[in-house]
Amino acid sequence: MMSDIEIARAAKLRPIEDIARQLAIPADLLFPYGRFVAKVDTGFLAREDRADGNLVLVTAINPTPAGEGKTTTTVGLGDALNLIGEPTVMCLREPSLGPCFGLKGGAAGGGYAQVVPMEQINLHFTGDFHAITSAHNLLAAMIDNHVYWGNEKDIDTRRITWRRVIDMNDRSLRWIVGGLGGAANGFPREDGFDITVASEVMAAFCLARNLADLEARLGRIIVAYDRDRQAITAKDLQAEGAMAVLLKDALMPNLVQTLEGNPAFVHGGPFANIAHGCNSVVATQAALKLSRFVVTEAGFGADLGAEKFFDIKCRKSGLAPKACVIVATIRALKSHGGVAKEALNTENLAALEAGMANLRRHIENVRRFGVPPIVAINHFAADTEAEIAFVQRYCQEQLDVEAVLCRHWALGGAGAVDLARAVKRLVDVGEAKFELLYPDEMPLEEKIRTIARSIYGASDVAFDGKAAKRLHELTSEGFGHLPICMAKTQYSFAADPSLRGAPKDHVVPVRDIRLAAGAEFVVAICGDVMTMPGLPRHPAAERIRINADGLIDGLF
């Protein structure tokens, strides 16, 4: 079989105007970026009385080195729904340059289930991340400029919380000292860089309903504290207007297509641990007005991604999913059952049964939100008939859920038709009764404890003294109504990444609390959170180059 990039280059793409016409998007509201990418001014949708389509979330079991294929399944399901006559739009996150040139590589699906053009999507695309980087760093510059010109707000330079960002992995920028070189360059102080996807601007951008909402969110971002320990916001520095100007065009969703010529919005990309890990609300809401089905995904496994999709994105936007697809692979289930990576291609029913505990808990968790689940078994060549039959039988008999074998990686939409039909049946039955895990008025501490006990299987939460104090402060400052964004390892239900399967009765340590006032959530940090990754010993960048034919090699 050809590589992902070879498959993508062999595809005959349709002009982006054709894709827009398929969605009845007016030509004058389409802003092309070349022949196969365009931004869409979705303002016209607010003026029209259109019923929403059916929202389907794709999530997964806890990720393992074996691979699960959540994005690939999202694309394959979208293509398959279109194939059976159900107009469908896919909504995905934009890839970050950091992972592309670091360890992970591209992030646009794989095999015959991809969004294209891959190179453009994975590199500069339409400049959204550059706009977010610029808006973030404009605010940083305005903070230091305010201090330089007399510090009217009496900012305590020891308590400036707003760092700078760049969309590249660079460990040497994690902690720096700025303002060196004399009085003309400002006041020396400790500073640092995060990667752009970790910026609160990104999180606020992806939760904003429109430009006015985005500007208001930007204004609420807390950037520092004064000498009386009172919060200083972007609005206090009169920065939110200029920041919104930089993001005006970026807020329009990006329209692309799959290998099979079906429409997809690829827009926004917040971190999936310290933020909510979902594509933009603007893109999702637009897609729901333009199509019968919308298939979207959330970062990491369902314990992080789906929970945040439900409790943060849906809470803030009013979205209500009709079904949830949980992606699993035979290999990953065996990994959760204790099998080493090098032995995953060997049939092992005992390990498979042990690993089903992880899938079981994710299914139970999705049902807690009133959303009916279905399991997608993403097929790998080494899967045996006995293993596939075991998972399907176990799901049906023990978990009362349908498990559908999918071959979209090898066959495209045709390989996920059974899944598409099963999802359609689930939606048509109308069993979804979406509900949030906790109400706004629940105290912050209890919200964290509810997530830990209900979703992670923990017996309790251990709050560090600093974290407990900060929760009390946030409540007294009027932020107690905000939802919780849990920042923990994606590899386990526990805070310990080595605990595979479905650990229970563990204690979740909360060592710190951060407020994202603009994005409107409180981050509970349950371990070491890396907001500026480093490059591996041999980064992907070493293999990326332009060949003699002018094509990019090594990106995928």
Quiz prompt | Closest non-hydrogen atom pair, A495 against T489 | solution = O-CG2, 3.5 Å
Quiz item: Listed by chain and number, what are the ring-ring contact (aromatic ring centres under 6.0 Å, His included) partners of H362, not counting sequence neighbours?
Solution: F493
Exercise. Just jot down the side-chain hydrogen bond (donor to acceptor under 3.5 Å, both in side chains) partners of D428, sequence neighbours excluded, or say none.
Key: R292, K424
Quiz item: Parallel, tilted or perpendicular: which describes the rings of F369 and F434, with under 30° parallel and over 60° perpendicular?
Solution: parallel
Quiz prompt | Partners passing salt bridge (Lys or Arg N to Asp or Glu O under 4.0 Å) against E364 (at least two apart in sequence or in another chain) | solution = none
Exercise. List the steps and the verdict of side chain to side chain contact (heavy atoms under 4.5 Å, CB included) for E94 and H267.
Key: CA-CA 5 Å; E94 297 180 51; H267 195 223; 3.8 Å; yes
Quiz item: Which atom names give the shortest non-hydrogen contact between M118 and A108, and what distance separates them?
Solution: CG-CB, 4.3 Å
Quiz prompt | Heavy atoms from other residues, nucleotides or ligands near OH of Y491 exceed 12 (cutoff 6.0 Å) | solution = no
Self-check item: Side-chain heavy-atom pair L437, I455 within 4.5 angstrom cut-off
Solution: yes
Quiz item: Do Q396 and Q392 touch side chain to side chain, with heavy atoms closer than 4.5 Å?
Solution: no
Quiz prompt | Separation of L499 CG from Y456 OH (nearest 0.5 Å) | solution = 14.5 Å
Exercise. Evaluate the side-chain proximity of P263 to Q257: yes if any heavy-atom separation is below 4.5 Å, no if none is.
Key: no
